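Only one structure is covered here, and it is reproduced in the block below.
All values reported here derive from a predicted model rather than from experimental measurement.
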Amino acid sequence: MFRNLLTSAVFAGLGAGLIAAALQFVFVIPLLLEGELYETGARIHFATDSSTQSISEAPGLGGEWARHGMTVAFNLVSYTGYGFVLVALMGLAALRGFALTARTGLLWGICGFIAVQLAPAMGLPPELPGTPAAELQPRQIWWVSTIIATAAGLGLIVFARGFLPLLGIVLIAAPQLIGAPHLDTYFGVAPPELSAQFVTQSLGCALVGWSVLGFLGAWFLTRTAEATRPAFA
Amino acid sequence: MNTATHDLPVQSLANPAAIAFALLAGLALLTVSGMAQATVLHDAAHDQRHAMAFPCH
């Protein structure tokens, strides 16, 4: 039993992490490297020579294989971490009598995306390098609190009865109404189009990653559980 | 003979100890990949943190 849960989380995390990393190298990393050109000053938007335009062209991935290898490796670590938490919550729901299938796993994954990526992104959009932001620690606190509140809210809406789903809506709305820590002024040096593109592309890749994570987590979990169950019929 | 087991609505997917362990393991991994600010860790995980929207810097 112990092994099923853990191996399911690891396999799902590695699968989702690999797919998410591949998508990031197609869609997100080029924008990130382009943003870095503005962070370092290699490119300047609204330069003082009265030019209001900057060239829109991402640099190639270059030969920094160690750097990109780390990005893939940490994607695997992050998705495996999220996989452990997601599969644990699936197991918890199963203990309480809510049946799990690979298809409902897909819904689990999408809810994970809403709680971990979409809701925090409403207050703290994914940051292009070179986007100065408020103090790190208050942002981390708001980020973690928003994830917990949104996940708890979604849990109440899906699993609870009576008035509790309404409480779920309150929990989801609260962090957004409180608002994330922000600076009093805008400091961004990158073109706004580039930042916007970075946000939407990274959210799209995360949705795919989380969908795969939920589906694979549930698939491995229900499959290993069936394999160890005595054969009826 | 096995019908009682078969009809149980509860899927025997996990026990509470495994669930608690998985939660802790997951949070530990995420602390390393997304939250810890040690310079070496931050630099190695930098691109991934931005791509995954962890609060970074």
Please state whether the side chain, the backbone, both or neither of A:L31 comes within less than 4.5 Å of a heavy atom of chain B. neither

Under 4.5 Å from a heavy atom of chain B, the part of A:Q24 involved: side chain

Report yes if some heavy atom in the side chain of A:V144 is under 4.5 Å from a heavy atom in the side chain of B:M35; otherwise report no. yes

Could you check which of B:A20, B:P16, B:S33 has the highest count of heavy-atom pairs closer than 4.5 Å to chain A? B:S33

Taking only residues two or more places apart in sequence, or in another chain, which ones meet A:W210 in a side chain to side chain donor-acceptor pair (under 3.5 Å)? A:Q117

How close do A:A88 and B:L23 get, counting heavy atoms only, and between which atoms? CB-CG, 3.8 Å

Using every non-hydrogen atom in the two residues, find where A:N75 and B:Q48 come nearest and quote the distance to one decimal. N-CG, 3.6 Å

Please flag which part of A:F198 lies under 4.5 Å from any non-hydrogen atom of chain B: side chain, backbone, both or neither. side chain

If one checks every heavy atom of A:P132 against chain B at 4.5 Å, the contacting part turns out to be neither

When rounded to the nearest 0.5 angstrom, what is the spacing between CG in A:L5 and CG in B:N15? 8.0 Å

Smallest separation among heavy atoms of A:V28 and B:A51, with atom names: CG1-CB, 3.9 Å

Within a radius of less than 6.0 Å around CZ of A:F11, do more than 12 heavy atoms belonging to other residues, nucleotides or ligands occur? no

Do A:M70 and B:H46 come close enough that some side-chain heavy atom pair is under 4.5 Å? no

Could you tell me which non-hydrogen atom of A:L92 sits nearest to which non-hydrogen atom of B:I19, and how far apart they are? N-CD1, 3.4 Å

Shortest non-hydrogen pair, A:F84 vs B:A22, comes out as CB-O, 3.2 Å

Taking everything shown except A:E135 itself, do over 12 heavy atoms lie less than 6.0 Å from its CD? no

Would you say A:Y79 and B:M52 make side-chain contact, with heavy atoms under 4.5 Å? yes

Just how far is it from atom CG of B:L30 to atom OG of A:S78, taken to the nearest 0.5 Å? 6.0 Å

Would you say A:F74 and B:L41 make side-chain contact, with heavy atoms under 4.5 Å? yes

With a 4.5 Å limit on heavy-atom distance, are the side chains of A:E36 and B:H50 in contact? no

